[in-house]
Every structure is written in C-alpha cells, then in structure tokens.
Asks: 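Please read through the structure below; I'll follow up with questions.
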Amino acid sequence: LFTSRDNLATGSHLLVHVEMPDLEVDVVGQLVRSQPTGSLGKFRNGIVFINLSKGVREKLGRYLVDLAETRPDLEILAD
C-alpha cells in the first residue's frame, strides 16, 4: 500500500521506481484498491506488481517482507 493525494482509478497501471539495497528497478503495478484514509485529501492505494521476472519478484518479495517487519504502517499482501 501507498498513500497519495489523488483518488486513483482502480485498474490503472502505474510505473513504480523501486530502490532496494541490491537492486534498483522500474516495475509496472496495477491499482487494485483506493480508499480514503480519514485524513482530508489522502487515499490508501493497493497495487499488484505485474510482469516481473522471477529474480526481481523474489528480491522484491524478500525486501517488502523485511520492510514490513520494521514498518507496522505497511501492509503486504501475498499473491
């Protein structure tokens, strides 16, 4: 999940730049949900990454799981 000031349309494709300690990559994500946060003008957005190579998917998955352990405000959903 990530927050934005825009109410993005479900189904939209987004180009996301991801920087990890051992990899920097641009990936495509599809917006699967957008919900108001309760803070005026902010939305919580959920995306699913699409068309990732196996190696990038594995590295990104490990990175997100490790990140979620240190950031309780993040929600990581399994495939």
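As the structure is a prediction and not an experimental result, all values here were calculated from the model.
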Asks: Would you compute the distance between atom OG1 of T3 and atom CZ of F43 and round it to the nearest 0.5 angstrom?
Replies: 11.5 Å
Asks: Hey, does R62 have a side-chain heavy atom less than 4.5 Å from the side chain of K59?
Replies: yes
Asks: Applying side chain to side chain donor-acceptor pair (under 3.5 Å), name anything that partners D66, two or more places apart in sequence or on another chain.
Replies: none
Asks: How close do S34 and N7 get, heavy atom to heavy atom, and via which atoms?
Replies: OG-OD1, 3.3 Å
Asks: As an exercise, state the distance from CG of L31 to CG of L8, rounded to the nearest 0.5 Å.
Replies: 5.5 Å
Asks: Are L60 and V16 connected in the hydrophobic side-chain network, where two residues link if heavy atoms are under 4.5 Å apart?
Replies: yes
Asks: Only counting residues at least two apart or in another chain, list the ones meeting side chain to side chain donor-acceptor pair (under 3.5 Å) with S12.
Replies: none
Asks: Tabulate below the donor-acceptor pairs under 3.5 Å that side-chain atoms of residues 19-29 make, not counting sequence neighbours, or state none.
Replies:
from, atom 1, to, atom 2, distance (Å)
E19, OE2, H17, NE2, 3.3
E24, OE2, H17, NE2, 3.0
D26, OD1, H17, ND1, 2.6

Asks: Report whether V56 and L67 are members of the same hydrophobic cluster (ILVMFWY, side-chain heavy atoms less than 4.5 Å apart, transitive linking).
Replies: yes
Asks: What's the shortest heavy-atom distance between I50 and H13, and which atoms?
Replies: CD1-CD2, 3.5 Å
Asks: So V32 and I47, do their side chains get closer than 4.5 Å, heavy atoms only?
Replies: no
Asks: Using a 4.5 Å cut-off on heavy atoms from C-beta on, say whether the side chain of F49 contacts that of L14.
Replies: no
